[in-house]
Amino acid sequence: MVKVPLTILPPAEVENPLWLSVSEAARIAGVQKKTIRRGLDSGGLTFKVVGNRYLINATTLIIWLLASTKLRNKFLHHGFGQYVEEWKK
């Protein structure tokens, strides 16, 4: 298992948060869009609605993914996390 040291600022302390669409969040996380929608429904993700689209706060997305072993593994092996080892080289 890959150990990733994290220093996470609470979303309120981030001056200019990054907002992601549901499909962008799913691609980054390595999960399906319906998994992201479940996170929205459960209150685990901070979001805003612009027009008729959900925009998800990227910081809360990462926190939400790392809080669950199953989602953490998907993130590290199928999502954005799979590239971390390459960047360290």
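Values reported hereafter were calculated over all heavy atoms of this structure, with side chains retained and with hydrogens, waters and symmetry mates removed.
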Between [atom1] on residue [X] and [atom2] on residue [Y], distance to nearest 0.5 Å:
X	Y	atom1	atom2	value
S23	R53	OG	CZ	8.0 Å
L66	L61	CG	CG	9.0 Å
L18	T59	CG	OG1	7.5 Å

* F80/I62 under side chain to side chain contact (heavy atoms under 4.5 Å, CB included): CA gap, chis, key distance, verdict -> CA-CA 10 Å; F80 206 61; I62 302 301; over 6 Å; no
* Does L65 share a hydrophobic cluster with L20, counting links as ILVMFWY side-chain heavy atoms below 4.5 Å and allowing steps through other members? -> yes
* With hydrophobic residues grouped by side-chain heavy-atom distances under 4.5 Å, do L40 and W64 end up in a single group? ->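 Same cluster.
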* Asked: Checking T46 side chain against T60 main chain: does a donor-acceptor pair fall under 3.5 Å?
  ->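 Judged by distance alone, no pair lies under 3.5 Å.
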* Pairs flagged by ring pair (Phe, Tyr, Trp, His ring centres under 6.0 Å) wherever residues 22-46 is involved - sequence neighbours left out -> none
* Can you list every ring pair (Phe, Tyr, Trp, His ring centres under 6.0 Å) pair that touches residues 43-62, not counting sequence neighbours? ->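 Residue pairs with at least one partner in residues 43-62: F47-Y54.
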* Asked: Is the shortest heavy-atom distance from the side chain of I56 to the side chain of V22 under 4.5 Å?
  -> yes
Check: residues 24-39 side-chain donor-acceptor pairs under 3.5 Å, at least two apart:
residue: E24; atom: OE1; partner: S21; partner atom: N; Å: 2.8
residue: E24; atom: OE1; partner: S21; partner atom: OG; Å: 3.4

